[in-house]
J.: 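This is the structure I want to talk about, given as structure tokens.
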Amino acid sequence: MAGELNEAVVAAQAGDEDAFRFLYRSLQPGLLRYLTALVGADAEDVASETWLQISRDLPSFTGGEFRAWAVTIARNRAMDHLRRQRRRPSLPVPVQALAELAGDADTAERAGETIGTEAALALIATLPPREAEAVLLRAVVGLDAETAGRVLGRRPGAVRTAAHRGLRRLAALMERHDPARSPAAPEAAVTPRPRTGGRQASHVEPADG
């Protein structure tokens, strides 16, 4: 994949529109999930700003890890956006959807298969900021620890540790909120009755930082 990206970058710098579309298709899904955790519903707008800058600055890209370069641009645009808005996103999280997050999430590679949902992204946003970004870059965007470290300005070992801790917190959050673990769940399913204060969609506010 890295070889294909490098070839596409060179071709796109030479004006090949198909190559640029390949770069977009390859990176946009991960970038959008990353930005959703950072800026919530404004992710599409920030992603558009990101690709405008990528398109403008691509001729001056001199090599290295293209994904890291693109993610750095996306992160800078997201931070600018949050400073302008002076707010953090609040994502609606149906409690039932938390069960989609795998309970055994000890590594970024295994967790990457299950944390693309809105519920999981909202949970990631509640983690301590260092852990949240490490998980996003490792398990959502797919960067290795060294590349993620360059984006964040941290040592690779620190990124690995933060991602590991963050994934373990996510597993604990899933177990805490999984409705299947509620002892009243089977009875409620058989004989539903009107009640107030039922479990509805909650709102999660991510940690500042």
Side-chain angles (χ1 to χ4, degrees), residues 27-47 50 67-68 70-95 97-178 202-209:
L27 273 66
Q28 174 69 354
L31 280 180
L32 195 56
R33 288 193 292 270
Y34 175 57
L35 290 170
T36 296
L38 293 182
V39 301
D42 296 329
E44 290 275 4
D45 291 339
V46 176
T50 298
R67 284 189 304 171
V71 170
T72 300
I73 291 174
R75 185 174 189 267
N76 289 339
R77 296 287 69 74
M79 295 303 106
D80 289 344
H81 179 82
L82 291 174
R83 280 192 289 269
R84 289 195 303 267
Q85 298 294 320
R86 294 185 179 276
R87 64 175 178 79
R88 301 292 291 182
S90 175
L91 299 180
V93 185
V95 177
L98 300 182
E100 297 177 17
L101 184 63
D104 182 12
D106 286 340
T107 67
E109 290 78 7
R110 296 172 67 181
E113 299 176 0
T114 58
I115 63 177
T117 65
E118 180 181 279
L121 291 174
L123 281 178
I124 292 171
T126 70
L127 297 174
R130 283 179 175 267
E131 293 178 11
E133 282 211 85
V135 170
L136 287 166
L137 293 179
R138 294 278 283 124
V140 175
V141 180
L143 301 183
D144 59 35
E146 290 187 5
T147 304
R150 287 196 294 273
V151 172
L152 299 174
R154 298 182 218 154
R155 297 187 306 274
V159 172
R160 290 191 191 94
T161 299
H164 180 77
R165 289 175 177 169
L167 290 168
R168 292 187 68 87
R169 287 183 198 269
L170 288 178
L173 285 171
M174 186 281 295
E175 291 177 1
R176 188 180 310 154
H177 293 92
D178 187 351
S202 61
H203 286 74
V204 176
E205 289 288 347
D208 291 336

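The first residue of the sequence shown is numbered 1, and numbering continues consecutively from there.
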J.: If you count the non-hydrogen atoms of other residues, nucleotides and ligands that lie under 6.0 Å from CZ in Arg77, is the total more than 12?
T.: yes

J.: Can you tell me if Gln28 has over 12 outside heavy atoms packed within less than 6.0 Å of its CD?
T.: yes

J.: Working to the nearest 0.5 angstrom, can you tell me the gap between Arg169 CZ and Ile124 CD1?
T.: 13.5 Å

J.: Would you give the length of the straight line joining atom OG1 of Thr50 to atom CG of Asp45, rounded to the nearest 0.5 angstrom?
T.: 10.5 Å

J.: Rounded to the nearest 0.5 Å, how far does CD of Glu133 lie from CG of Leu127?
T.: 11.5 Å

J.: To the nearest 0.5 Å, tell me how far His81 NE2 sits from Leu35 CG.
T.: 10.0 Å

J.: Would you say Asp144's side chain and Thr147's backbone share a donor-acceptor pair under 3.5 angstrom?
T.: yes

J.: Among Val46, Asp42, Val39, find the residue that satisfies the side-chain contact (heavy atoms from CB on, under 4.5 Å) test when tested with Leu82.
T.: Val39

J.: May I have the step-by-step check of side chain to side chain contact (heavy atoms under 4.5 Å, CB included) for Leu31 and Val71, ending in yes or no?
T.: CA-CA 7 Å; Leu31 280 180; Val71 170; 3.8 Å; yes

J.: If you look at every heavy atom in Ala163 and Ala134, which pair is closest and at what distance?
T.: N-CB, 3.6 Å

J.: What heavy-atom pair brings Gly149 and Val159 nearest, and what distance separates the two atoms?
T.: CA-CG2, 3.7 Å

J.: Residues two or more places apart in sequence or in another chain: which of them pass side chain to side chain contact (heavy atoms under 4.5 Å, CB included) with Thr72?
T.: Asn76, Val151

J.: Looking at every non-hydrogen atom in both residues, tell me the closest pair between Tyr34 and Val140 and how far apart they are.
T.: N-CG1, 4.1 Å

J.: Give a yes or no on whether Arg154 atom CZ has more than 12 heavy-atom contacts from other residues, nucleotides or ligands under 6.0 Å away.
T.: yes

J.: With rounding to the nearest 0.5 Å, note down the distance linking CZ in Arg75 to CG in Leu137.
T.: 8.0 Å

J.: First locate atom CZ of Arg130, then atom OG1 of Thr161, and finally report the distance between them rounded to the nearest 0.5 Å.
T.: 11.5 Å

